[in-house]
Amino acid sequence: MTNEKAEAEGFKNALESLFADKEERKRIKATQDYASVRKKLHEMGGDALLTLSMTAFFLGITSSALREARKKYDDPFFLSKSHTARKDQILRWWATVLKKKSGVEEEIEGSAGLDLRPSPNLFIVFKDKITGRPVVLCNSLITSVSDELLSDTLRAGCRVVALTPETAIEKPWALHEEKAAYIEAYRKHLEAKHRQKLQWLDREQAQSKALADRAELDASTIRR
């Protein structure tokens with residue numbers, strides 16, 4: 001199957017899986033609106049199952065590149081007789097593939113993207129043509145980057161790099177609004193963690209006071 005046919009196959013399979021309305025499917029198919037289908041795939045939850053052709057289409061790579069990566073690295077489709085895998089497993093696997101191909105030595109910790117708890121997080125980084133410096137495009141999943149820009153960056157060459165949130169924020173980013181969105185997400189995360197800590201302190205204080213009141217009551221009862 002040629003790369004063009006493979007992409008068309010992925011487009012067709014994704015279209016049929018994602019859009020229940022027959023007329024909408026016909027319209028998208030007639031206009032060959034690949035961007036809308038990729039956007040829909042990006043919006044799907046991590047537990048969504050993707051076929052091989054849908055995966056190649058989703059990642060913006062050729063079927064041969066996907067086949068080669070599956071041979072060289074742990075294959076997320078290995079255990080499935082129907083050759084499907086969860087979207088979150090595919091993203092995790094593809095991040096590892098890019099990391100190994102780029103020669104980054106650091107271990108990837110935690111889950112990719114949406115969970116801010118692990119340190120480090122995963123960020124898509126490329127080399128700026130003018131300055132030659134590494135520039136952050138986005139966090140691997142906390143992103144509003146368009147499918148077209150993401151696909152172009154993947155094709156042009158980039159790395160998935162493990163960085164702490166603080167380190168990533170200090171680095172230059174390609175898009176100011178993307179960095180601002182990540183800072184806002186991280187700020188909310190820190191505020192939530194701070195609230196949890198304060199709630200824990202409040203509980204500890206209340207328990208301590210209750211124990212002290214009980215001890216004082218017991219002591220006064222004995223004196224009587």
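Each residue takes its place number in the sequence, starting with 1.
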Engineer: Please collect all salt bridge (charged side-chain N to carboxylate O under 4.0 Å, His left out) contacts where either partner lies in residues 126-139, sequence neighbours excluded, each pair once.
Structural biologist: none
Engineer: Got a sec, which residues hit side-chain contact (heavy atoms from CB on, under 4.5 Å) with Ala181, two or more places apart in sequence or on another chain?
Structural biologist: none
Engineer: Give me the atom names and distance for the closest heavy-atom approach of Ala85 to Pro76.
Structural biologist: CB-O, 3.6 Å
Engineer: Which atoms form the tightest heavy-atom contact between Pro172 and Pro134, and what is the distance?
Structural biologist: CG-O, 3.6 Å
Engineer: According to the interplanar angle, ranging from 0 to 90°, do the rings of Phe123 and Tyr182 count as parallel (below 30°), tilted (30 to 60°) or perpendicular (above 60°)?
Structural biologist: perpendicular
Engineer: Can you sort out the partners of Lys171 under side-chain contact (heavy atoms from CB on, under 4.5 Å), two or more places apart, ordered by chain and number?
Structural biologist: Val136, Leu163, Thr167
Engineer: State which residues pass side-chain contact (heavy atoms from CB on, under 4.5 Å) with Leu198; sequence neighbours excluded, sorted by chain then number.
Structural biologist: His194, Leu201
Engineer: Test of understanding: with salt bridge (Lys or Arg N to Asp or Glu O under 4.0 Å), list the residues that count as partners of Arg27, not counting sequence neighbours.
Structural biologist: none
Engineer: Nearest 0.5 Å please: distance from the CD1 atom of Ile169 over to the NZ atom of Lys179.
Structural biologist: 7.5 Å
Engineer: According to salt bridge (charged side-chain N to carboxylate O under 4.0 Å, His left out), does anything in residues 46-71 pair up with another residue at least two apart or in another chain? List the pairs.
Structural biologist: Glu68-Lys72, Arg70-Asp75
Engineer: OG1 of Thr51 to CZ of Phe57: how many Å apart, nearest 0.5 Å?
Structural biologist: 11.0 Å
Engineer: Using the test side chain to side chain donor-acceptor pair (under 3.5 Å), find all partners of Thr153 that sit at least two apart in sequence or belong to another chain.
Structural biologist: none
Engineer: Apply the test side chain to side chain contact (heavy atoms under 4.5 Å, CB included) to residues Phe11 and Ile28: give CA-CA distance (whole Å), side-chain angles for both, the deciding distance (0.1 Å), then the verdict.
Structural biologist: CA-CA 10 Å; Phe11 169 70; Ile28 294 173; 4.0 Å; yes
Engineer: Looking only at heavy atoms, what is the nearest atom pair of Leu50 and Phe58, with distance?
Structural biologist: CD1-CD2, 3.9 Å
Engineer: Identify whether the distance between the nearest side-chain nitrogen and carboxylate oxygen of Lys188 and Glu191 falls below 4.0 Å.
Structural biologist: no
Engineer: Sequence neighbours excluded, which residues qualify as salt bridge (Lys or Arg N to Asp or Glu O under 4.0 Å) partners of Lys29?
Structural biologist: none
Engineer: In Å and rounded to the nearest 0.5 Å, what is the NE2 to CG distance from His83 to Leu49?
Structural biologist: 14.0 Å
Engineer: Not counting sequence neighbours, which residues clear side-chain contact (heavy atoms from CB on, under 4.5 Å) with Ala192? List them please.
Structural biologist: Arg195
Engineer: Does any pair with a residue in residues 198-215 pass side chain to side chain donor-acceptor pair (under 3.5 Å), and if so which ones, sequence neighbours excluded?
Structural biologist: Lys209-Asp213, Arg214-Asp218
Engineer: Specify the closest pair of heavy atoms between Ala174 and Val135, including all atoms of both residues, with the distance to one decimal.
Structural biologist: N-CG1, 3.2 Å
Engineer: Give the minimum heavy-atom separation between Thr55 and Phe77, together with the two atoms involved.
Structural biologist: OG1-CZ, 3.3 Å
Engineer: Clusters formed by hydrophobic residues whose side-chain heavy atoms approach within less than 4.5 Å: which one holds Leu211, and what are its other members?
Structural biologist: none
Engineer: Quick check: closest heavy atoms across Trp94 and Ala69, and the distance to 0.1 Å?
Structural biologist: CZ3-CB, 4.1 Å
Engineer: I'd like to check the side chain to side chain donor-acceptor pair (under 3.5 Å) partners of Glu23; sequence neighbours left out, ordered by chain and number.
Structural biologist: none
